[in-house]
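Notes follow once the structure below has been shown.
Chain naming here is simple, since letters A, B, ... match the order of the sequence lines and numbering starts at 1 in each.
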There are 2 protein chains.
Amino acid sequence: MDINTQNGFRALADPTRRDILQRLACGEHTIAQLTEHFDMTRAAVRKHLTVLSDGGLITTRVSGRERFNALDPNGFAPIRDWINFFDQFWDNQLTNLKDIIENNDRKGPLQ
Amino acid sequence: MDINTQNGFRALADPTRRDILQRLACGEHTIAQLTEHFDMTRAAVRKHLTVLSDGGLITTRVSGRERFNALDPNGFAPIRDWINFFDQFWDNQLTNLKDIIENNDRKGPLQ
DNA sequence: TTAATATGATACCAAATGGTATCGGATGGA
DNA sequence: TCCATCCGATACCATTTGGTATCATATTAA
């Protein structure tokens with residue numbers, strides 16, 4: 001359905017990419033700066049950055065021969081929303097559980 | 001680092017698996033019931049359910065020859081926590097932006 | 001008992017993924 | 001100018017992933 005949500009979740013599925021996001025939380029970094037912290041080549045890090053960009057989780061600013069990568073706050077919204085849908089479900093489940101305990105009669109999706 | 005968080009994010013990376021989770025929000029389903037809604041074999045659905053179980057997002061109850069799959073509320077906690085870390089970051093960024101506008105002097109991680 | 005059903009298990013396949021190696025082009029500093 | 005460096009692009013490789021096909025097993029209903 002939603003290709004942006006899909007790319008966002010896909011970007012978060014790799015531990016290296018989640019690590020990159022946490023490092024970017026301290027400010028923007030170039031590809032070379034990020035590569036220092038990982039046991040892989042610059043090209044591999046660059047690939048991860050492309051996936052993160054496709055997921056809308058980072059933005060890029062090119063200055064001279066350097067490429068600065070930074071977090072994109074908006075990109076996290078679809079993911080947070082998707083998770084929140086389930087939070088609402090937990091609340092309903094707890095409400096149902098409360099009903100079951102108090103009224104000894106089940107009404108909700110637990111059947 | 002955290003293998004459980006990793007398995008959780010990996011489980012959410014596939015659109016079929018996210019679809020399964022949303023269907024399970026309406027109550028538990030057997031493998032055959034879930035398979036009706038997808039254009040793939042029962043074995044493929046079963047594989048997705050294994051990944052979801054590895055991620056701690058679902059639990060399983062076997063009754064006779066049927067296998068009932070249901071959501072596991074606890075499994076979503078690590079993912080929500082990880083996302084929340086960035087929400088806090090956005091708040092800080094907004095605070096910094098406010099400082100910049102009001103005091104015309106930058107203090108935070110934007111350098 | 002017998003047949004239909006719901007699943008488990010295994011082998012297998014094509015495509016995506018994560019990674020390296022290598023070449024080349026711009027840019028910045030001495 | 002000259003060279004180091006930061007990056008883009010491409011080709012290539014091994015592994016993982018998403019999926020099918022097939023056969024075996026256990027359970028339920030008639």
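- In the helix from C/dT1-D/dA30 to C/dA30-D/dT1, the end axes, each obtained as the rotation axis mapping the C1' atoms of four pairs onto the next four within a five-pair block, lie 30° apart to the nearest 10 degrees.
- Residue contacts for B/Ala44: at a heavy-atom cut-off of 4.0 Å it reaches a base atom on one of the strands shown.
- When rounded to the nearest whole Å, the span between CG of A/Leu52 and P of C/dT17 equals 14 Å.
- Under the rule for a side chain to side chain contact (heavy atoms under 4.5 Å, CB included), the partners of B/Ala70 that lie at least two apart in sequence or sit in another chain are B/Glu28, B/Thr59.
- Rounded to a whole Å, the CZ atom of A/Arg46 is 17 Å from the C1' atom of C/dT17.
- Atom CZ of B/Arg67 and atom C1' of C/dT5 are 17 Å apart (whole Å).
- A/Gln6 contributes a side-chain N or O that, together with a main-chain N or O of B/Ala13, makes up a donor-acceptor pair within less than 3.5 Å.
- Not one side-chain nitrogen or oxygen of A/His48 sits closer than 4.0 Å to the OP1 or OP2 atom of C/dT17.
- If you measure from atom CE of A/Met40 to atom C1' of C/dT20, you get 12 Å, rounded to the nearest angstrom.
- For the pair A/Asp39 CG and C/dT20 C1', the computed distance is 12 Å after rounding to whole Å.
- Judged as a salt bridge (Lys or Arg N to Asp or Glu O under 4.0 Å), the pairs with a partner in residues 10-19 of chain B (not counting sequence neighbours) are, in order, B/Asp19-B/Arg23.
- With DNA chain C read from its 5' end, the first of the two nearest nucleotides for B/Glu66 and A/Thr16 is the one closest to B/Glu66.
- Close to D/dC6, at under 4.0 Å from its OP1 or OP2, lies no side-chain N or O of A/Thr30.
- Classified by interplanar angle (parallel below 30°, tilted 30° to 60°, perpendicular above 60°), the ring pair B/Phe76/A/Phe86 is parallel.
- Distance alone, capped at 3.5 Å, is enough to place a donor-acceptor pair between the A/Thr30 side chain and the A/Gln33 backbone.
- A/Leu52 contributes atom CG, which lies 14.5 Å from atom NZ of A/Lys47 (distance to the nearest 0.5 angstrom).
- Contact check for A/Phe9 versus A/Asn4: no side-chain heavy atoms found under the 4.5 Å cut-off.
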Check the interface with nucleotides 11-13 of chain D: list each N/O to N/O pair with the protein under 3.5 Å, or write none.
none

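- Put simply, the side chain of B/Met40 does not reach to within 4.5 Å of the side chain of B/Thr35, judged on heavy atoms.
- The closest donor-acceptor contact from the side chain of B/Asn69 to the backbone of B/Thr60 lies at 3.5 Å or more, if one exists at all.
- Listed by first then second residue, pairs satisfying ring pair (Phe, Tyr, Trp, His ring centres under 6.0 Å) with a partner in residues 49-69 of chain A number zero, not counting sequence neighbours.
- Of the listed nucleotides (D/dC7, C/dT20, D/dG18), C/dT20 has the atom at the smallest distance from the side chain of A/Thr41.
- In plain terms, the two heavy atoms of B/Leu71 and B/Ala25 that are nearest each other are CD1-CA, 3.6 Å.
- One can place CG of B/Leu34 at 14 Å from C1' of C/dT7, the figure rounded to the nearest angstrom.
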Please write out each protein N/O paired with an N/O of nucleotides 23-30 of chain D under 3.5 Å, distance rounded to 0.1 Å.
from, atom 1, to, atom 2, distance (Å)
D/dT27, O2, B/Arg65, NH1, 2.9

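- Rounded to whole angstrom, the span from the CG atom of A/Asp14 across to the C1' atom of C/dA16 amounts to 13 Å.
- Between atom CZ of residue B/Arg61 and atom CZ of residue B/Arg67 there is a gap of 12.0 Å, rounded to the nearest 0.5 Å.
- Taking atom CZ of A/Arg10 as the reference point, atom P of C/dA16 lies 11 Å away to the nearest angstrom.
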